[in-house]
Amino acid sequence: GDGWSANTADDNPGHIVFGPYATDWPARSLRADFRILVDVVDQRSERVSTIEIYDASANEIIAQRDLLRADFESAFTYQTFSLPFDLSERAGNAMEARVYWHGISYVRVDQVQVYAP
């Protein structure tokens with residue numbers, strides 16, 4: 001369909017989005033915007049996914065944010081979650097934007113954008 005998804009009936013917890021191993025992101029402060037939806041929204045503090053920026057060259061997560069079921073405003077409606085990060089000392093490293101799915105809710109990601117704020 002319109003993105004990458006995981007559901008509790010067919011999938012095991014893990015990364016549903018990863019890449020692109022970009023070596024040309026500028027060595028400065030950046031922001032990644034992840035557009036994600038879930039199936040059920042309520043006030044439970046269950047962790048449904050984790051968004052990350054990963055330096056594959058250094059084997060290091062450099063920015064990370066857990067997304068809870070309660071962070072979403074509406075079921076089956078895309079919402080943008082931002083993650084700031086700094087590449088000042090990482091020029092030329094292979095970088096990934098990743099979404100880890102924790103296996104407790106249907107999750108779909110349709111877009112990840114990285115840019116200078």
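Keep in mind the model is a prediction, meaning the values are calculated, not measured.
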- List the steps and the verdict of side chain to side chain contact (heavy atoms under 4.5 Å, CB included) for Ile16 and Val109. CA-CA 8 Å; Ile16 60 172; Val109 181; 4.0 Å; yes
- Message: Would Thr23 and Asn93 count as a side chain to side chain contact (heavy atoms under 4.5 Å, CB included) here? Give the steps.
- Response: CA-CA 5 Å; Thr23 57; Asn93 287 12; over 6 Å; no
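Applying the salt bridge (Lys or Arg N to Asp or Glu O under 4.0 Å) test to every pair with at least one member in residues 75-87, sequence neighbours left out, gives no pairs at all. Residue pairs satisfying the salt bridge (Lys or Arg N to Asp or Glu O under 4.0 Å) criterion with at least one member in residues 101-117, sequence neighbours excluded, are listed as follows: Asp2-Arg108, Arg35-Asp110. Screening residues 4-25 for salt bridge (Lys or Arg N to Asp or Glu O under 4.0 Å) gives no qualifying pairs among residues at least two apart or on separate chains. Sorted by first and then second residue, the ring-ring contact (aromatic ring centres under 6.0 Å, His included) pairs with a member in residues 37-73 read Phe72-Phe81; sequence neighbours excluded.
Not counting sequence neighbours, the partners of Phe76 by the side chain to side chain contact (heavy atoms under 4.5 Å, CB included) test are Leu37, Asp39, Tyr106. Scanning for salt bridge (Lys or Arg N to Asp or Glu O under 4.0 Å) contacts around Glu46 gives Arg44, Arg69, with sequence neighbours left out. Residues meeting the side chain to side chain contact (heavy atoms under 4.5 Å, CB included) test with Ala32, sequence neighbours left out: Phe34, Ile53, Phe85, Val114. For Asp55, the salt bridge (Lys or Arg N to Asp or Glu O under 4.0 Å) partners at least two apart in sequence or on another chain are Arg90. Every side chain to side chain contact (heavy atoms under 4.5 Å, CB included) that Ala27 has, sequence neighbours left out, goes to Ala91. Taking Ser82 as the reference, Asp33 meet the side chain to side chain donor-acceptor pair (under 3.5 Å) condition, with sequence neighbours excluded. For Arg28, there are no salt bridge (Lys or Arg N to Asp or Glu O under 4.0 Å) partners at least two apart in sequence or on another chain. Contacts of Ala75 classified as side chain to side chain contact (heavy atoms under 4.5 Å, CB included), with partners at least two apart in sequence or in another chain: Val41.
In this structure, the separation between CG on Leu67 and OG on Ser105 is 11.0 Å, given to the nearest 0.5 Å. Once rounded to the nearest 0.5 Å, the distance linking CG of Leu83 with CZ of Arg98 reads 12.0 Å. With values rounded to the nearest 0.5 angstrom, His102 atom NE2 is found 9.5 Å from Leu68 atom CG.
Scanning both residues, Asn7 and Trp101, for their nearest heavy atoms gives O-CH2, 3.3 Å. Residues Glu96 and Gly19 approach most closely at OE1-N, 3.1 Å, considering heavy atoms. In terms of heavy atoms, Pro117 sits closest to Ser29 at CD-O, 3.6 Å. Between Ala94 and Ser57, the shortest heavy-atom distance links the atoms N-OG, 2.8 Å.
Between the side chains of His15 and Glu52, a donor-acceptor pair is found at a separation under 3.5 Å.
Linking ILVMFWY side-chain heavy atoms closer than 4.5 Å, directly or via other members, places Ile61 and Leu87 in two distinct hydrophobic clusters. The same ILVMFWY cluster, assembled from side-chain heavy atoms under 4.5 Å apart, contains both Val17 and Ile62.
Looking only at side-chain heavy atoms (C-beta outward), Val99 and Thr50 stay at 4.5 Å or farther from each other. Side-chain contact between Ile104 and Arg47 is absent, with no heavy atoms from C-beta onward closer than 4.5 Å. Side-chain contact between Ile51 and Ile36 is present, with heavy atoms from C-beta onward closer than 4.5 Å.
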